[in-house]
Amino acid sequence: MLDPDLSHVRTMWDDDGASRHLGIELVSVDHDGRLGRARTRMAVTETMVNGHRIMHGGYIFTFADSTFALVCNAGGELTVAAGCDIDFVRSAALGDVLLAEGVERTRYGRNGITDVTVTREGDGELIAHFRGRSRALKPRPSA
């Protein structure tokens, strides 16, 4: 079920207090009638760095996961994470601006697989690769 104006996913994003609190910006979200895509942007702030003075991996994961949510919900079905993995490739530092690009690779039944790459805006270096597995929930019966 495709909602061409994507208002459903924009409403979900507007209600996402966690992503808003981290300063994650929605750059774009799209659905081609079969698969979703999204791009987001986030600056690394003082509260996101760990004792090594690099970005804490949990924040990188959350950034990628927020992008994943946009991608797998772009088709109009209420979709949640069933599982995910992340590979940290390079560190990010205070002041870096990160970009995340998510691409839904496949949907099969109520399941999907989405890849999210996190890069540094300044030089395009790969910071992390996230693979999420999604599950569309069955609609609740009307009361």
Side-chain angles (χ1 to χ4, degrees), residues 1-140:
M1 140 173 105
L2 175 65
D3 181 356
D5 70 6
L6 298 171
S7 62
H8 63 282
V9 78
R10 292 184 187 280
T11 298
M12 179 197 78
W13 184 254
D14 290 343
D15 291 341
D16 184 342
S19 296
R20 183 175 44 258
H21 174 74
L22 294 176
I24 301 173
E25 303 169 39
L26 172 58
V27 175
S28 65
V29 62
D30 188 10
H31 196 277
D32 68 8
R34 202 173 136 264
L35 300 171
R37 300 181 77 87
R39 294 190 68 207
T40 57
R41 185 174 187 269
M42 181 177 73
V44 180
T45 65
E46 179 68 33
T47 59
M48 296 176 184
V49 296
N50 61 25
H52 298 298
R53 304 304 300 156
I54 59 175
M55 188 176 190
H56 190 289
Y59 286 109
I60 298 170
F61 182 93
T62 301
F63 179 46
D65 186 48
S66 292
T67 307
F68 165 68
L70 287 164
V71 173
C72 63
N73 279 279
E77 294 178 282
L78 175 59
T79 305
V80 296
C84 34
D85 299 293
I86 192 164
D87 293 300
F88 300 106
V89 178
R90 286 185 182 76
S91 59
L94 178 63
D96 284 347
V97 175
L98 303 181
L99 300 173
E101 182 161 356
V103 179
E104 198 168 33
R105 297 296 179 191
T106 189
R107 294 284 297 223
Y108 53 101
R110 293 185 336 191
N111 303 295
I113 297 173
T114 298
D115 288 327
V116 179
T117 56
V118 177
T119 58
R120 188 173 17 252
E121 185 177 59
D123 59 11
E125 286 289 333
L126 179 66
I127 302 300
H129 181 267
F130 171 106
R131 172 156 278 188
R133 295 169 302 284
S134 61
R135 178 82 169 168
L137 301 180
K138 290 182 181 179
R140 291 186 176 174

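Here L70 contributes atom CG and R10 contributes atom CZ; the two are 9.0 Å apart, rounded to the nearest 0.5 Å. Residue S134 holds its OG atom at 6.0 Å from CD of E104, rounded to the nearest 0.5 Å. How far SG of C72 is from CG of L78: 9.5 Å, rounded to the nearest 0.5 Å. Annotation: the span from N73 atom CG to L6 atom CG amounts to 11.0 Å, rounded to 0.5 Å. Rounded to the nearest 0.5 Å, atoms CE (M55) and OG1 (T45) are 7.5 Å apart. The distance from atom OG1 of T106 to atom CD1 of I113, rounded to the nearest 0.5 Å, is 6.5 Å.
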Show every donor-acceptor pair shorter than 3.5 Å between a side-chain atom in residues 57-66 and any protein atom, with sequence neighbours excluded, or say none if there are none.
unit_1	atom_1	unit_2	atom_2	d
T62	OG1	G58	O	2.8
S66	OG	S19	OG	2.7
S66	OG	T62	O	3.1

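Salt bridge present: E101 and R37 bring a charged side-chain N and a carboxylate O closer than 4.0 Å. Taking 4.0 Å as the cut-off between side-chain N and carboxylate O, R53 and E46 count as a salt-bridged pair. Using a cutoff of 4.0 Å between basic side-chain nitrogens and carboxylate oxygens, R39 and D30 are not scored as salt-bridged.
For R120 (side chain) and S91 (main-chain N/O), a donor-acceptor pair under 3.5 Å exists by modelled atom type. Distance alone, capped at 3.5 Å, is enough to place a donor-acceptor pair between the T79 side chain and the E77 backbone.
Annotation: H129, atom NE2; neighbour count of heavy atoms from other residues, nucleotides and ligands within 6.0 Å is above 12.
Between R131 and D87 there is no side-chain heavy-atom pair separated by less than 4.5 Å.
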